[in-house]
> 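Mind having a look at this structure? Questions to follow.
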Amino acid sequence: MQDLAAGDLNGDGKTDVVGVEQETGKLFFYPGDGKGGIGGGSTRKEIGTNWNSMRELTMGDFDKDGKADLLAVENSTKKLFFYAGDGKGSIGGGGTRKEIGTNW
């Protein structure tokens, strides 16, 4: 795994982790258990593909809607993209993203 980011992506009050599987580029969500671990009896959930083309993943509530979102920089263009969290453990609203910066 690479490019880990932490935040409450599923809205349960516990810190979760997302990470990119280096070999496949898939983005996975790992729910936090609230006790310092991840998994919480659940298995990881794939929430995106082609993420090996991204870097500098950062999680936070950037649009102030009460749900954790994800920021990432695209390697080839150095553009910064915003991915809205749905509060249920996913991001992107069906794959949509919004460019919010250049030359990152």
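The first residue in the sequence is number 1, and the count goes up from there.
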> Any chance you could measure Thr24, atom OG1, to Asn52, atom CG, to the nearest 0.5 Å?
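So the OG1 of Thr24 and the CG of Asn52 are separated by 7.5 Å.
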> On a heavy-atom basis, which atom in Asp86 and which in Gly89 lie closest, and how many Å separate them?
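Scanning both residues, the minimum pair turns out to be OD1-N, 3.3 Å.
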> Tell me whether Leu71 is reachable from Trp104 by hopping between hydrophobic residues (I, L, V, M, F, W, Y) whose side-chain heavy atoms are closer than 4.5 Å.
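In one cluster with Trp104: Leu71, yes.
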> With rounding to the nearest 0.5 Å, note down the distance linking CG in Asp16 to CZ in Arg44.
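Going from the CG atom of Asp16 to the CZ atom of Arg44 covers 15.5 Å.
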> Report yes if some heavy atom in the side chain of Gln2 is under 4.5 Å from a heavy atom in the side chain of Glu23; otherwise report no.
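The answer is no; the side chains never approach within 4.5 Å.
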> Establish whether Phe82 and Leu80 are linked, either directly or via other cluster members, by ILVMFWY side-chain heavy-atom contacts under 4.5 Å.
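The answer is yes; both residues are in one hydrophobic cluster.
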> Search all heavy atoms of Met59 against all heavy atoms of Asp8 and return the closest pair with its distance.
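Answer, listing the atom of Met59 first, then Asp8: SD-N, 4.3 Å.
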> If you count heavy atoms of other groups shown closer than 6.0 angstrom to CD of Gln22, is the number above 12?
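Incorrect, the count does not exceed 12.
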> Is it possible for you to say whether Tyr83 and Ile100 belong to one hydrophobic cluster, with membership spreading through side-chain heavy-atom contacts below 4.5 Å?
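No, Tyr83 and Ile100 fall in different hydrophobic clusters.
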> Looking at every heavy atom in both Phe62 and Asp69, which two are closest together, and how far apart are they?
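Minimum heavy-atom contact is N-OD2, 3.0 Å.
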> Same hydrophobic cluster for Met54 and Val73, using side-chain heavy-atom links shorter than 4.5 Å among ILVMFWY?
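Looking at the clustering, Val73 is in a separate group from Met54.
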> Rounded to the nearest 0.5 Å, what separates atom CG in Asp3 from atom CD in Glu56?
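Between Asp3 CG and Glu56 CD, I get 7.0 Å after rounding to 0.5 Å.
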> Closest approach of Trp51 and Ala72, non-hydrogen atoms and distance?
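Heavy atoms only, the tightest pair is CZ3-CB, 3.7 Å.
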> Quick one: do Lys26 and Glu21 make a salt bridge, cutoff under 4.0 Å?
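Between Glu21 and Lys26 there is no salt bridge, as every charged N stays at least 4.0 Å from the carboxylate O atoms.
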> Of the non-hydrogen atoms in Lys35 and Asp33, which two are nearest, and what is the gap between them?
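Between these two residues, the closest heavy atoms are N-OD1, 2.7 Å.
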> Between Val18 and Ile91, is a side chain to side chain contact (heavy atoms under 4.5 Å, CB included) present by the stated rule, with each step listed?
CA-CA 11 Å; Val18 297; Ile91 50 103; over 6 Å; no
> For Asn10 versus Pro31, what's the shortest heavy-atom pair and its separation?
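Heavy atoms only, the tightest pair is ND2-CB, 4.2 Å.
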